[in-house]
K.L.:
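Below is the structure I would like to discuss, written out as structure tokens.
All values reported here derive from a predicted model rather than from experimental measurement.
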Amino acid sequence: MFFDQIEASAGQNGKIVEAVFTNEFGNFEAFFARILDDLVINRMDGNEDIASRVMTDDTFRELTQKHLARKVYDSVKRQREH
């Protein structure tokens, strides 16, 4: 649920939506990696354990970032098509 919340809020963030439509996925993924901390911090309330793991476990963070970047990118693209 925590990651679904991040995906939903990211998909409604104007800067993120703009980045989806102005970049190929590889460039978007690099952008997403830079903003992941902000997205996690904004959803930290009630999710401290998993948020802390994203922030401190490099392997978990990389997997999370790659997974969420792809989900957000694809979701925003699909929304625009409909």
K.L.:
Does any non-hydrogen side-chain atom of Lys66 lie less than 4.5 Å from one of Phe32?
P.N.:
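Contact flag for Phe32/Lys66 side chains = no.
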K.L.:
Given side chains that start at C-beta, do those of Met1 and Asn47 come closer than 4.5 Å, heavy atoms only?
P.N.:
no
K.L.:
May I ask you to say whether Asp4 pairs ionically with Arg43, meaning some side-chain N is under 4.0 Å from a carboxylate O?
P.N.:
no
K.L.:
Considering only heavy atoms from C-beta outward, does the side chain of Val72 approach that of Phe28 to under 4.5 Å?
P.N.:
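A side-chain contact under 4.5 Å exists here.
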K.L.:
Starting at CG of Leu36, measure out to CE of Met55 and round the result to the nearest 0.5 Å.
P.N.:
8.0 Å
K.L.:
Same hydrophobic cluster for Tyr73 and Leu63, using side-chain heavy-atom links shorter than 4.5 Å among ILVMFWY?
P.N.:
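Tyr73 does not cluster with Leu63.
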K.L.:
Are any non-hydrogen side-chain atoms of Phe31 and Ile16 less than 4.5 angstrom apart?
P.N.:
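Yes - at least one pair of side-chain heavy atoms lies under 4.5 Å apart.
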K.L.:
Find out if a path of hydrophobic residues (ILVMFWY) with successive side-chain heavy-atom gaps under 4.5 Å connects Phe2 to Leu68.
P.N.:
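Phe2 and Leu68: one cluster.
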K.L.:
Hey, what do you get for CG (Leu39) to CD1 (Ile35), rounding to the nearest 0.5 Å?
P.N.:
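Here the rounded value is 4.5 Å.
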K.L.:
Can you find a heavy atom in the side chain of Ser9 that is under 4.5 Å from one in the side chain of Gln5?
P.N.:
no
K.L.:
Ignoring hydrogens and geometry, is there a side-chain-to-backbone donor-acceptor pair from Ser52 to Glu48 under 3.5 Å?
P.N.:
no
K.L.:
Say you draw a straight line from CD of Gln65 to CG of Asp58; how long is it, rounded to the nearest 0.5 Å?
P.N.:
12.0 Å
K.L.:
How close do Gly11 and Gln79 get, heavy atom to heavy atom, and via which atoms?
P.N.:
O-OE1, 4.3 Å
K.L.:
With a 4.5 Å cut-off on side-chain heavy atoms, are Glu29 and Arg70 touching?
P.N.:
no
K.L.:
Aromatic rings Phe3 and Phe60: how do their planes relate, parallel, tilted or perpendicular, breaks at 30° and 60°?
P.N.:
tilted
K.L.:
Just by distance, do the side chain of Asn23 and the backbone of Ala19 share a donor-acceptor pair under 3.5 Å?
P.N.:
yes
K.L.:
Roughly how far, to the nearest 0.5 Å, is CD1 of Ile6 from CD1 of Ile41?
P.N.:
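With rounding to 0.5 Å, CD1 (Ile41) is 10.5 Å from CD1 (Ile6).
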